[in-house]
Amino acid sequence: MGEPAVQLTAVAEGREEIRGVAEQALAWVRKSEERVEAAEVRAAEAEARAESARTEAAREAEKARAEAIARVERARAGAAEAEERVRAELKERARATLGRFA
């Protein structure tokens, strides 16, 4: 009866050793999953910050574009006023010149 008892003890010890290794492996897997989850959270946060920066940059570009358009429109309006003043001055000179010859 000694041999089966020894074998049974060896099997039990082997089983406990395997269980210990499996528990350690499971702990490593859980730790890895936690690290992956944390990395995914950091990646999502980084993407959100990048999207926010892109949105802010787009807003700034649109604002700059609108300001540039407003400056061009003001310049065109000023040029149109100047042209009108020149036309009026030329008409007045033409009348004055024609008046001298009449």
Side-chain angles (χ1 to χ4, degrees):
M1 253 190 131
E3 193 174 313
V6 170
Q7 288 178 350
L8 185 58
T9 302
V11 168
E13 288 173 358
R15 187 186 64 205
E16 287 305 314
E17 187 176 334
I18 291 171
R19 175 172 272 156
V21 170
E23 286 176 359
Q24 182 63 45
L26 183 58
W28 290 340
V29 167
R30 286 183 182 142
K31 191 67 171 175
S32 293
E33 287 175 345
E34 289 171 3
R35 289 180 182 150
V36 167
E37 188 175 309
E40 287 173 344
V41 167
R42 286 192 308 273
E45 289 170 350
E47 179 60 29
R49 284 192 304 274
E51 180 61 28
S52 177
R54 284 191 296 270
T55 301
E56 184 63 28
R59 268 192 236 120
E60 289 297 323
E62 184 61 28
K63 181 180 175 184
R65 182 176 180 271
E67 290 171 357
I69 289 171
R71 282 193 304 273
V72 167
E73 288 174 351
R74 284 192 301 271
R76 285 181 180 161
E81 280 182 26
E83 281 184 28
E84 190 57 38
R85 284 193 305 269
V86 167
R87 279 192 201 106
E89 181 65 29
L90 289 174
K91 282 183 182 179
E92 187 58 37
R93 284 184 187 175
R95 279 189 218 140
T97 302
L98 289 176
R100 281 189 295 185
F101 294 115

Inter- and intrachain pairs under salt bridge (charged side-chain N to carboxylate O under 4.0 Å, His left out), touching residues 43-54, at least two apart: Glu47-Arg54, Glu51-Arg54
Set of residues satisfying salt bridge (Lys or Arg N to Asp or Glu O under 4.0 Å) with respect to Arg93, sequence neighbours excluded: Glu89
Under-4.0 Å salt bridge between Glu83 and Arg87: yes
Approximate separation, where rounding is to 0.5 Å, of Arg76 CZ and Arg71 CZ: 13.0 Å
Between CD on residue Glu92 and CZ on residue Arg85, distance to nearest 0.5 Å: 15.5 Å
Under the salt bridge (Lys or Arg N to Asp or Glu O under 4.0 Å) test, residues paired with Arg35 that sit two or more places apart: none
Glu56: side chain to side chain donor-acceptor pair (under 3.5 Å) partners, not counting sequence neighbours: Arg59
Glu37 atom CD: more than 12 heavy-atom contacts under 6.0 Å: no
When the side chains of residues 9-21 are checked against the rest of the protein, which donor-acceptor pairs come out under 3.5 Å, sequence neighbours left out?
from, atom 1, to, atom 2, distance (Å)
Thr9, OG1, Ala5, O, 2.8

For Glu73, all residues meeting salt bridge (Lys or Arg N to Asp or Glu O under 4.0 Å), sequence neighbours excluded: none
Distance (rounded to the nearest 0.5 Å) between Glu62 CD and Ile69 CD1: 7.5 Å
